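Down below is the structure, laid out as C-alpha cells.
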Amino acid sequence: MSKLDKEDFTEAVYEIVRMIPYGRATSYGAIAKAISYPNMSRMVGRVMGECDSVKSSIPAHRVVNSSGILSAKEAFGNSGEMQKLLEAEGVIVVNDRIKNWKSVFWNPMKEINL
DNA sequence: CCGATGACAAGCA
DNA sequence: ATGCTTGCCATCG
C-alpha cells in the first residue's frame, strides 16, 4: 500500500472517522499513520475542523488526541457538547479526558489493514 | 533527554 | 487575495 493522493488522504480521514464504532475513539496520529502519513497528524485535525464536525455525518467527537483528551471540544461549541456526545455513547469523560481511554481507543490501522 | 503528538500557519497556483 | 496542500517546532510523558 503506497501513500495516498492529497484528495484521497482527506477522503481516507473521513472514511476512518466514519468507520469508528459506537463508544470508540481514535487519535489524530493513529489516523495519520493508518493512511501512511506519519507526520501529517496535524492535517488530520485540520480536515476535521473543516468537515462540518457532526453535520457531515463525521463523528468527529470520537476523535481526540493520543492522550484521550478532548482537544477538539472547542470546535464543537466550547460548551462541552463533545463530551456529552461521548458520554451519551457510553464513554466516560472526566475532566475533559476519556476514562478507560485505553479501552475505548479504537485502532484504525488495524481495520484498514484488515 | 528523547520520541511522538498536534483541531495550525505559511507557501504556491 | 483566496484556496488548498505540505511541514516544522514546541510541549507532554
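Fair warning: this is a prediction, and the values are worked out from it, not measured in the lab.
The interatomic distance linking A:Tyr37 (OH) with B:dG6 (P) rounds to 18 Å, in whole Å. Computed from coordinates, the A:Tyr28 OH to C:dT11 C1' distance equals 16 Å when rounded to whole Å. In this structure, A:Phe9 places its CZ atom 10 Å from C1' of C:dT6, rounding to the nearest Å. What separates CE of A:Met43 from C1' of B:dA10 is a distance of 15 Å, to the nearest Å. Whole-Å rounding puts the A:Glu74 CD to B:dC8 C1' distance at 13 Å. Between A:Arg42 atom CZ and C:dC12 atom C1' there is a gap of 15 Å when expressed in whole angstrom units. Atom C1' of nucleotide C:dC4 and atom CG of A:Asp8 are separated by 15 Å, given to the nearest angstrom. Note: NZ (A:Lys73) to C1' (B:dG6) measures 14 Å, nearest angstrom.
Proximity note for A:Met40 (side chain, C-beta onward) versus B:dT5, C:dC9, C:dT6: the nearest is C:dT6.
Between A:Thr26 and A:Ile20 there is a side-chain heavy-atom pair separated by less than 4.5 Å. Looking at heavy atoms from C-beta onward, A:Arg62 lies in side-chain contact with A:Tyr22 at the 4.5 angstrom threshold. The shortest side-chain heavy-atom distance between A:Lys73 and A:Gln83 does not fall under the 4.5 Å cut-off.
When the side-chain nitrogen and oxygen atoms of A:Ser66 are compared with OP1 and OP2 of B:dG6, one or more of them lie within a distance under 4.0 Å. Note on A:Lys33: every side-chain N or O is 4.0 Å or more away from OP1 and OP2 of B:dA4.
Nearest-nucleotide assignment on DNA chain C puts the 5′-proximal partner with A:Arg46, out of A:Arg46 and A:Asn39.
For the residue pair A:Tyr28 and A:Ser71, the shortest heavy atom distance occurs at OH-OG, 3.6 Å.
A salt bridge does not link A:Arg24 with A:Glu89: every distance from a Lys NZ or Arg NE/NH1/NH2 to an Asp or Glu carboxylate oxygen is 4.0 Å or more.
Residue-level contact check: A:Val63 touches the bases, meaning some heavy atom is under 4.0 Å from a base atom.
Contact of A:Ser71 with B:dG6 (side chain to base): no donor-acceptor pair of N or O atoms is detected under 3.5 Å.
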